[in-house]
Every structure is written in structure tokens, then in C-alpha cells.
Novice: 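Quick one: the structure is below, and I'll ask about it shortly.
Because only heavy atoms are used, hydrogens play no part in the values below, and waters and symmetry mates are left out as well, while side chains stay in. Order of the sequence lines sets the chain letters (A, B, ...), proteins ahead of strands, with each chain counted from 1.
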Number of protein chains: 2
Amino acid sequence: MSYTYEYPRPSLTVDCVVFGLDDDDLKVLLIQRGVEPFEGRWALPGGFVKMDESLEAAARRELEEESGLRPGHLEQLFTFGEPDRDPRGRVITVAYFALVKLSAHSLRAATDAREAAWFSVWDTPKLAFDHADILNTALQRLKGKVRYQPIGFELLPPKFTLTQLQRLYEVVLERELDKRNFRKKILAMDLLEELDEVEQDVSHRAARLYRFDHKKYRQLEKAGFNFEL
Amino acid sequence: MSYTYEYPRPSLTVDCVVFGLDDDDLKVLLIQRGVEPFEGRWALPGGFVKMDESLEAAARRELEEESGLRPGHLEQLFTFGEPDRDPRGRVITVAYFALVKLSAHSLRAATDAREAAWFSVWDTPKLAFDHADILNTALQRLKGKVRYQPIGFELLPPKFTLTQLQRLYEVVLERELDKRNFRKKILAMDLLEELDEVEQDVSHRAARLYRFDHKKYRQLEKAGFNFEL
DNA sequence: GACTCGGGTGTGCTCCGGACACTATGCCGG
DNA sequence: CCGGCATAGTGTCCGGAGCACACCCGAGTC
């Protein structure tokens, strides 16, 4: 089966930049390419868009196929379409930006035998295509967005301590925050549910656990409230 | 000449949402379609991407061809790719968002005889395809972006009064601002060059003219300064 | 020369953000 | 059992920014 058109057409792919948080390290999911071009190189997970699926559905599908992950947050990032970005010819890629709770998932072997692994975003191997640009763009987006939308919670386990939350912001924003001011501010928003539980298995005083209240956030959002840290 | 591929491929277009400011009204550029589908309907300017041009270049080219405009600001907005968004088949469109100084340009007749015209963004005719969604997305982007990046100046003539500038923000943000606070804030940024000129042909006291100092802005930007209104 | 229409200016109060250091609690090891 | 250690958890003060507010100015018109 083949397809013929009057004018040439580019290929269309999606690529996903998936972030996860591992204690004090921000990780990105990469897969090792099993075919040319860039065979053996690490790259962002992604692939071709099917003719009857939406772009976002394609991103979810590729991510599921290549890593087994189902992200808690997924949004379109940017479309990369420089004519020479792929040596095989004109390929446009719609990049997506995703967050997963690293604690909750273990990586499944990719279906097509390529390896998938988490890398620190500050120390990635050389990437295929223009994927370094894409990763960079995603990092900027994360940095910008985390401050005025409560998406950071998608990186943490459902129950977390305030210190974990603060660490998350410190890692993403690349600067230290004052503990008291941070707690004051985040608690004042009244978006965290204080649980009757504390963390387990620590060799010091255990911290209280909190949960993010999605329902309350949606209510406040409707009422014109703006999350801002 | 025809082109044959092993797998089906979508078509790729760009569409531009071009905003201009006409006194107290925010305008968007639309063109009237001369061919099916949606013949006679108004739509965003745009067209197919050539195989050897970048996405942004395609946006600029289409805009120039269909209206003669060269925008002062152009950035990628979002990529729309729902499978059914175009009745002719699968068409992905990369939407761009542009600002022009309406004062400086007159609309050239479109080369392909379709009509181009400015419409108030609050009162547009029914648009072709999903262009109403695209316009909406662009409006949100403009609203969000104008507050923390000095792109609003691209909508004003090179020399403008503070009242004009304030009106611009009021129109875009859809709320009134306090005159004194606005002036205090914008002047405190030290980004406006006060000229030795005043506006002409007004039947009341003439207001002083200012110019935006791009060079100074780039300096401050490098030094970590954040525009914010 | 009086009127009209926007232009242009300063102050005080309030609230928010940021700097800052000590006590509390639980575990561990000696 | 007691002391040490590691992190949890908490309140105050100060300065600057945001906001509300009202009057005189200058130019053109009639």
C-alpha cells in the first residue's frame, strides 16, 4: 500500500519530554534508538502520528508503548520544524511536556526492545536530532509554569511532606527558598489537606504528610484565584 | 508531478492570528476565503508550508502574500491537529501569533484576490475551520503575555503617549487601570524615552510623546530584570 | 475670557514578601 | 537511661510595593 499526493508532504511525529523527580534530582526519560539515524544515541520518546488520532493521543500512545508511563500532566510544548532537523527528510515534530510521579511507576521495558532510562536533566548524554533544544525548551517551560500553576504536585507522590515540596521547587527553580516563608505561603493558599499521618522509616523526627486538594483548587480557580509561588 | 509515500501523511499549514490596535479597539486580521471549503467565510491568513522553509518563514511568507504585512512581533502559538478539523482530510496547522503597528501599515489587496480586513476581536464573523478556537487561544496568550513582556509596544506607533499605552493595556486586559499608578510603574522601569515632542491636532492640552527603548530593555533583560505590569 | 477636555502630578495607608533563629520531637548509640 | 543528632516546625519585624484618592495645568474652542 502506498499513498500519492500532488504536493510533497512532511512527516509528522510527536516527542515527549517526561520529567520525574527523584529526591533532589530532576530526571528526564530517554530511550535509546535502535535504528538509524542516530542508532544507539539517546533520544526523547516519540514517534509518528497516526492519521486518525489527535496529537495529544499520539503523544500518550507513544509514551505508553515506549515506557509504559501514563503521565499525570501532559501539555503541548512547541512544534519544531526546521527543514534540516531530521536527516531522513522533512519531519515536523510536535513536542509534548509531561510530568509523572516517579515514585509510582517502574519503567517497563520498551516494546520494541529499545532501552528506556531516567537521566538527570543536568547531565544527559548527547541527544539525537534537535532533542537537546526540545529538552531545553521544556525545562524553561517547567521553570516558568511551576510558579503560577500547581503542576509541581504531579511530580510528587500523593502524600508528601512540606520539605519534599520545597525541595521540588528548589530543584526546579535552581535556587534556595526560605523554609518559613515557603510554608506560610503554601499553607495560606489552603490547597493542602493536612493528613493524620507522618512519614515512616526515618531516623529522626517524622514530618507530617499532606495531600494536594485538586477539588478545592478547581473551585478556587473558577472563582478567579491564581496560584502563585 | 506527484509524490508517493509508504505511509499516509497529513498536510501541514500555518495560520496567523494578527492583532492590531485601533484606538480603543483590538483588531484581528481576517481574509475571506475564495475557494471551497468554507468559500466566502472569513478565516485567519495562512497556507501550506513549503518543503524547504521553516515554519516561521512560512508564517511570514503567507502573511506577506495575503496582506502585505510584516509583523513587529511573531511567535509560535499552538499546533492544532484534531483529525476532523478540516473536511478535506487530515491537516495539521501550526498557529502563529503576531502583532503589528496598525498605524504604520495599510492593507494591501491580497494577491489572490481574496479580501483582507480588520475586525474587532470582540465581534468577528463566523470563522472557517477551527479558527475561532485559534483566535481564542491567541487572545488568552496576548492577555497573559502582555503583562510580563513588553510586546504591547509593537501595537503602538513608534511615538506614543502614556494615555495611549494605558488604553492598550486596558483594552487587552479588559479592565480599567489607575492612571497615576500606571504612570508611576511604567516610568519607574526606565524603559521609556521621553521625547521633546507632544501630540498634534488635538483639541485639548497635548500629551507628551514617548518612545520605547529596545536597547535599554535588552540590557536590563540580560541583567535579570523582569518586565512586569 | 470663559469653558471644556484630557494631561499631568504626590501622599498616605495597607498589605505582602523577605530576612531571620530558636525550640520540639523522635531515633540511635553508648 | 541519657546525650547527641538530624530534621520538623514555628513568629516577628521591617521595608517596599500596590492601591486609593483629588486637584491644578495647558491648549484649543466658541
Novice: Nearest heavy atom decides the nucleotide; on that basis, is Thr161(B) or Asn181(B) closer to the 5' end of DNA chain C?
Specialist: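 Final value for this comparison: Thr161(B).
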
Novice: Identify the pairs formed between an N or O of the protein and an N or O of nucleotides 27-30 of chain C at a distance under 3.5 Å, and give each distance.
Specialist:
none

Novice: Kindly say whether Thr79(B) contributes a backbone atom to a donor-acceptor pair with the side chain of Gln76(A) at under 3.5 angstrom?
Specialist: yes

Novice: Given that Lys185(B) and Arg180(B) both sit by DNA chain D, which one's nearest nucleotide is further toward the 5' end?
Specialist: Lys185(B)

Novice: So which nucleotide from dT10(D), dA20(D), dG8(C) ends up closest to the side chain of Lys184(B)?
Specialist: dA20(D)

Novice: Give the rounded distance in Å between these two atoms: CD of Gln164(B) and P of dG6(C).
Specialist: 14 Å

Novice: Report the distance from atom CG of Asp201(A) to atom P of dG26(C), rounded to the nearest whole Å.
Specialist: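 In whole Å, dG26(C) P and Asp201(A) CG are 15 Å from each other.
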
Novice: Hey, does the side chain of Arg183(B) come within less than 4.0 Å of dG8(C)'s phosphate (OP1/OP2), counting only N and O?
Specialist: yes

Novice: If I take atom CG in residue Leu229(B) and atom P in nucleotide dG18(D), what distance separates them, rounded to the nearest angstrom?
Specialist: 9 Å

Novice: Under a 4.0 Å N-O cut-off, is there an ion pair linking Lys216(A) with Glu193(A)?
Specialist: no

Novice: Would you please classify the geometry between the Phe212(B) ring and the His214(B) ring as parallel, tilted or perpendicular, with 30° and 60° separating the classes?
Specialist: perpendicular

Novice: Whole-Å distance between dC21(D) C1' and Leu177(B) CG?
Specialist: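 Interatomic distance, CG of Leu177(B) to C1' of dC21(D): 16 Å.
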
Novice: Ignoring hydrogens and geometry, is there a side-chain-to-backbone donor-acceptor pair from His131(A) to Leu44(A) under 3.5 Å?
Specialist: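 Yes; judged by distance alone, with no hydrogens or angles, the pair exists.
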
Novice: I'd like to know whether the aromatic ring centres of Phe160(A) and Phe153(A) sit less than 6.0 Å apart in this structure.
Specialist: yes

Novice: How many Å lie between CG on Leu209(A) and P on dG9(D), as a whole number?
Specialist: 9 Å

Novice: What's the CG-C1' distance between Leu187(A) and dC16(C), to the nearest Å?
Specialist: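 To the nearest whole Å, that distance equals 17 Å.
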
Novice: Within this structure, what is the CD-to-P distance between Glu194(A) and dA8(D), rounded to whole angstrom?
Specialist: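 Whole-Å distance recorded here is 15 Å.
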
Novice: Partners of Asp130(A) by salt bridge (charged side-chain N to carboxylate O under 4.0 Å, His left out), sequence neighbours excluded?
Specialist: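 If we apply the salt bridge (charged side-chain N to carboxylate O under 4.0 Å, His left out) test to Asp130(A), skipping adjacent residues, the hits are Arg85(A).
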
Novice: With a sphere of 6.0 Å drawn around CZ of Arg167(B), does it hold more than 12 non-hydrogen atoms of other residues, nucleotides or ligands?
Specialist: no

Novice: Tell me: CD of Glu228(A) to C1' of dG17(C), nearest whole Å?
Specialist: 12 Å

Novice: Please work out if Thr163(B) contacts a base, only the sugar-phosphate, or nothing of the nucleic acid, heavy-atom cut-off 4.0 Å.
Specialist: sugar-phosphate

